[in-house]
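Chain letters run A, B, ... following the sequence lines, proteins first and then strands; every chain starts at 1.
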2 protein chains.
Amino acid sequence: MYFRNPIPSQPARERLLDAADRLVLETGAGHLTLDAVAKFAGVSKGGLLYHFPSKDSLLEAMLERYLNDVEAQVATRCARRGGAPTRIEQFRERVRVLLELRPERRAAGAALLAASADKPALMAHCRRSYREFVDEIATLPGGFERAALVQLAVDGLVLGELLQLSPYTSGERSRLVKALIKAADQCGRMQ
Amino acid sequence: MYFRNPIPSQPARERLLDAADRLVLETGAGHLTLDAVAKFAGVSKGGLLYHFPSKDSLLEAMLERYLNDVEAQVATRCARRGGAPTRIEQFRERVRVLLELRPERRAAGAALLAASADKPALMAHCRRSYREFVDEIATLPGGFERAALVQLAVDGLVLGELLQLSPYTSGERSRLVKALIKAADQCGRMQ
DNA sequence: GCGACTGTACCGACCGGACGGTTCAGCCGC
DNA sequence: GCGGCTGAACCGTCCGGTCGGTACAGTCGC
């Protein structure tokens, strides 16, 4: 018998992507399988393969969503302040977005782990996007090194958490986040 | 026919661990399989399982070697300077060691990716070891935030490279490494 | 207004190969 | 003769991907 989920809160495609992210975080990128994703999302395997015809296309979609999501959130936060966003404003908001820990966003970076484990070639896309970002922050008044070091520290915190390597308490984390935002702001001033 | 590698430069155990590291870097942690490791190291599968009776034990050994290796290199570099190493000296040398790119060391961090992909529980060991390190640098004259931020930036660079996310040219990288070593040194001074 | 047909979204059994792991007889240099 | 392997067969499970089918909303000719 054919049983449709009672009012699925999200369209299946989104549920599948969420499930994939969460699976990576909770079981490790090596255990991201099509069966597991489908089950976790409450969709049949056939249903999954309807939306993502191969595992690669699932990985691509995960990365795509992650990248777009970050960009969109930065844009939203900048827009909230009104006027055309300055580069330093964008940098600062990006730092904030990446360090956000609201449950719906926490899992997003898992796409990076999944892609790097399964199909490292997909990372090229992310690398290009990162490169463009580096080119932008290099023009900040504080100079390339200053901004790049702040961005690296943000990466270190985020990636460390994704890999479950980060040993900081939530108190320490708050202090570090505060320090990072301040450091990002200072990249906007002449050194 | 039985073909022994002409004068195996290393004992099989080491060759296997090297092969595992390199496989992770070159094909992604998801493609780390026992057959592939054995083949890559020029050892039979039976031989691999003689040294590492399960995949988990291979992963544990990879992590163990990585952690010991870093510690040993820091100690060596400090010893070369003579006298009991100060905390700031250790921190500085650690930063240097982690950012080293000599071919034999480049692959070592791959253990982190492999463990996190296959058996995230193994990361607990690394996290503890990282925690001890954080507790030490927190007592530097520059204070907790300053040192932790430098360490995070080092992590960001290293992990970014492991994930093939890092977009920096070798020129940019050198500038960043120099800046990081300088920043580490400054953690030894009162702010 | 109704039957034929189309497109979208999804199901789940199944297949072939890969993977982790086992077993075991044997070889070879120290 | 024993520690350190080799080489190959084998097992059960898992995994990515295929395929034939189902439910159903919409639409178009008549």
Side-chain angles (χ1 to χ4, degrees), chain A residues 1-20 23-24 26-63 111 113-122, chain B residues 1-20 23-24 26-62 113-122:
Chain A
M1 188 201 151
Y2 175 178
F3 170 70
R4 186 188 275 277
N5 235 343
I7 316 160
S9 46
Q10 297 251 73
R13 199 188 132 93
E14 287 301 302
R15 289 212 318 279
L16 286 163
L17 290 172
D18 289 343
L23 259 176
V24 170
E26 289 171 24
T27 67
H31 301 281
L32 183 76
T33 67
L34 299 186
D35 289 285
V37 172
K39 206 169 189 179
F40 205 89
V43 168
S44 72
K45 194 171 178 181
L48 189 166
L49 285 159
Y50 172 77
H51 289 286
F52 308 103
S54 69
K55 194 177 183 184
D56 282 2
S57 83
L58 172 64
L59 292 170
E60 273 173 52
M62 289 170 74
L63 277 182
L113 297 190
S116 134
D118 240 66
K119 213 177 182 199
L122 293 178
Chain B
M1 189 202 151
Y2 172 177
F3 171 69
R4 186 190 274 277
N5 239 343
I7 313 162
S9 47
Q10 298 253 72
R13 199 189 132 92
E14 288 301 301
R15 289 210 320 279
L16 286 163
L17 290 172
D18 289 344
L23 259 175
V24 170
E26 289 170 25
T27 66
H31 302 281
L32 184 75
T33 68
L34 299 185
D35 289 285
V37 172
K39 207 170 189 176
F40 204 89
V43 168
S44 69
K45 193 173 176 180
L48 189 166
L49 285 160
Y50 173 77
H51 289 288
F52 308 103
S54 70
K55 194 178 184 185
D56 282 2
S57 82
L58 171 64
L59 292 170
E60 273 175 52
M62 289 169 74
L113 297 190
S116 133
D118 240 65
K119 214 179 180 197
L122 293 178

Whole-Å distance separating the CG atom of Leu16(B) from the C1' atom of dT6(D)
13 Å
Which atom names give the shortest non-hydrogen contact between Val24(B) and Ala114(B), and what distance separates them?
CG2-CB, 3.9 Å
Beyond-backbone contact of Leu17(B) with Phe52(B), side-chain heavy atoms, under 4.5 angstrom:
yes
Atom CG in Asp18(A), atom CE in Met62(A): separation rounded to 0.5 Å?
10.0 Å
Looking only at heavy atoms, what is the nearest atom pair of Leu49(B) and Ser54(B), with distance?
CD2-N, 4.3 Å
Side-chain atoms of residues 28-42 of chain A: list all donor-acceptor pairs with protein atoms under 3.5 Å, sequence neighbours left out, distances to 0.1 Å.
unit_1	atom_1	unit_2	atom_2	d
His31(A)	NE2	Asp118(B)	O	2.8
Thr33(A)	OG1	Ala36(A)	N	3.1
Asp35(A)	OD2	Lys45(A)	NZ	3.3

Check whether any side-chain N or O of Tyr50(B) sits under 4.0 Å from OP1 or OP2 of dC5(D), and answer yes or no.
no
Readout for nucleotides 10-17 of chain D: B = base within 4.0 Å of protein heavy atom, S = sugar-phosphate only, - = neither; 5' to 3' it is -----SBB
At less than 4.0 Å, is any side-chain N or O atom of His51(A) found next to OP1 or OP2 of dC10(C)? Yes or no.
yes
Could you give the distance from CZ (Arg13(B)) to NE2 (His51(B)), rounded to the nearest 0.5 Å?
8.0 Å
In whole angstrom, give the distance that lies between atom CG of Leu48(A) and atom C1' of dT18(D).
14 Å
